[in-house]
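Scroll down for the structure; my scribbles are underneath it.
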Amino acid sequence: AGGHTTEILRLLSCLSESYSPRHYVLADSDKMSEAKIRTFEQKRAETFSKSQFSLDRIPRSREVRQSWISSVVTTLYSILHSLPLTYKRKPDLILCNGPGTCVPVCLSAFLLGLLRIKRTTIVYVESICRVETLSLSGKILYYFADYFIVQWPNLKKKYPKSVYLGRIV
């Protein structure tokens with residue numbers, strides 16, 4: 001628990017002040033990530049005085065070891081909660097790295113783009129621990145992300161649309 005949050009915060013630590021405000025979307029049951037984000041943002045505010053962020057929660061789309069059939073239902077439920085949030089925030093960029101929570105948010109943003117409400121750039125970074133195969137989130141978002149980044153050359157060979165940058169977290 002918390003591995004995806006640690007990876008995304010490492011990525012965010014490299015971004016300039018112009019990437020503000022940042023809106024974090026967490027699963028409603030995720031307490032550990034909220035604490036990590038708040039600590040990260042407090043430290044960031046010491047460097048960037050105009051730093052702004054918010055935390056939003058949506059229902060978890062899939063629990064670990066949840067059956068495939070029931071995860072379809074819970075993911076649809078999560079998408080229903082993501083749509084008004086994505087519409088409200090109208091993000092320019094979504095940077096995500098694999099937890100199941102990112103799938104409904106990205107699909108909601110993709111839908112807003114199809115409806116010509118707001119075009120959002122989706123950047124998906126596959127987790128460093130995915131060496132041979134994509135995560136379930138990666139397998140889904142490979143087809144929706146504008147940029148799909150992998151951290152191992154084997155994945156670049158298997159998924160030609162991906163971008164291999166080496167280890168970035």
Practice item. Answer yes or no: is there a donor N or O on one side and an acceptor on the other, between the side chain of T74 and the main chain of S71, under 3.5 Å? Key: yes
Practice item. Run the numbers on L141 and V103 for side chain to side chain contact (heavy atoms under 4.5 Å, CB included), then give the verdict. Key: CA-CA 7 Å; L141 294 178; V103 173; 4.2 Å; yes
Point to revise | Co-membership, hydrophobic cluster, residues L55 and L11, 4.5 Å side-chain | key: yes
Review point. Looking at side-chain heavy atoms only, is the closest gap between L85 and V25 below 4.5 Å?
Key: yes
Review point. With no hydrogens and no angle check, do the side chains of S135 and S137 hold a donor and an acceptor under 3.5 Å apart?
Key: no
Point to revise | K43, NZ atom: more than 12 neighbouring heavy atoms under 6.0 Å | key: no
Practice item. Take K118 and D92, measure what salt bridge (Lys or Arg N to Asp or Glu O under 4.0 Å) needs, and give me the verdict at the end. Key: CA-CA 8 Å; K118 171 65 176 168; D92 295 318; 2.6 Å; yes
Review point. How many angstroms lie between CG in L26 and NZ in K31, if you round to the nearest 0.5 Å?
Key: 9.5 Å
Practice item. Output the distance between atom SG (C106) and atom CG (L111), rounded to the nearest 0.5 Å. Key: 13.0 Å
Review point. Do the side chains of L83 and S108 get nearer than 4.5 Å, heavy atoms only?
Key: yes
Check your understanding: Would you say T75's side chain and V72's backbone share a donor-acceptor pair under 3.5 angstrom?
Key -> no
Exercise for review: Taking D146 for its side chain and I122 for its backbone only, find out whether a donor-acceptor pair lies under 3.5 Å.
Suggested key: yes
**Study point:** Residue pair K36 / T6, side-chain donor-acceptor N/O under 3.5 Å
**Key:** yes
Exercise for review: Report yes or no: does K90 contribute a side-chain atom to a donor-acceptor pair with the main-chain N or O of Y87 at less than 3.5 Å?
Suggested key: yes
Review point. Hey, quick one: are Y77 and I79 part of the same hydrophobic cluster, counting side-chain heavy atoms closer than 4.5 Å, chains of contacts allowed?
Key: no
**Study point:** Pairwise side-chain contact, Y124 with C96, heavy-atom cut-off 4.5 Å (strictly under)
**Key:** yes
Check your understanding: Is a donor on one side and an acceptor on the other found under 3.5 Å between the side chain of R60 and the backbone of S78?
Key -> no
Practice item. Answer yes or no: is there a side-chain heavy-atom contact under 4.5 Å between R130 and Q151? Key: no
Point to revise | Sub-4.5 Å side-chain heavy-atom contact between I58 and D28 | key: no
Point to revise | All side chain to side chain donor-acceptor pair (under 3.5 Å) counterparts of T39, not counting sequence neighbours | key: none
**Study point:** salt_bridge(R57, D30) N-O dist < 4.0 Å
**Key:** no
Point to revise | Distance (rounded to the nearest 0.5 Å) between R38 CZ and E41 CD | key: 9.5 Å
**Study point:** Among F53, Y24, Y19, the one residue meeting side-chain contact (heavy atoms from CB on, under 4.5 Å) with L12
**Key:** Y24
Check your understanding: Looking only at atom types and distance, does a side-chain atom of T120 sit under 3.5 Å from a main-chain N or O of L93, one as donor and one as acceptor?
Key -> no
Check your understanding: How many angstroms lie between OG in S20 and CZ in R22, if you round to the nearest 0.5 Å?
Key -> 5.0 Å
Review point. Is any side-chain heavy atom of Y147 less than 4.5 Å from a side-chain heavy atom of L95?
Key: no
Practice item. Working to the nearest 0.5 Å, report the span between OG1 of T101 and NE2 of H4. Key: 9.5 Å
Check your understanding: Would you say the side-chain atoms of H23 pair up with the backbone N or O of R89, donor to acceptor, closer than 3.5 Å?
Key -> no
Review point. In the single-linkage hydrophobic clustering (I, L, V, M, F, W, Y; side-chain heavy atoms under 4.5 Å), do L76 and L80 co-cluster?
Key: no
Review point. Rounded to the nearest 0.5 Å, what separation is found between the CH2 atom of W152 and the SG atom of C129?
Key: 10.0 Å
Check your understanding: Do you know the tightest heavy-atom contact between L155 and E126?
Key -> CD1-CG, 4.4 Å
Identify all side-chain donor-acceptor contacts of residues 159-169 below 3.5 Å with residues at least two apart in sequence or on another chain.
{"from": "K161", "atom 1": "NZ", "to": "Y142", "atom 2": "O", "distance (Å)": "2.5"}
{"from": "K161", "atom 1": "NZ", "to": "A145", "atom 2": "O", "distance (Å)": "2.7"}
{"from": "S162", "atom 1": "OG", "to": "Y159", "atom 2": "O", "distance (Å)": "2.5"}

**Study point:** Hydrophobic cluster membership, L9 vs F48, 4.5 Å side-chain cutoff
**Key:** no
Check your understanding: Is a donor on one side and an acceptor on the other found under 3.5 Å between the side chain of K158 and the backbone of E132?
Key -> yes
Point to revise | Any donor-acceptor N/O pair, E17 side chain to S51 backbone, under 3.5 Å | key: no
Exercise for review: Write down the atom of S127, the atom of E7, and the distance for their closest heavy-atom approach.
Suggested key: OG-OE2, 3.0 Å
Check your understanding: Under a 4.5 Å cut-off applied to non-hydrogen side-chain atoms, are T5 and I37 in contact?
Key -> yes
**Study point:** Neighbour count above 12 (heavy atom, 6.0 Å) for I69 CD1
**Key:** no
Review point. Below 4.5 Å, heavy atoms only, C-beta onward: do R119 and L112 meet side chain to side chain?
Key: no
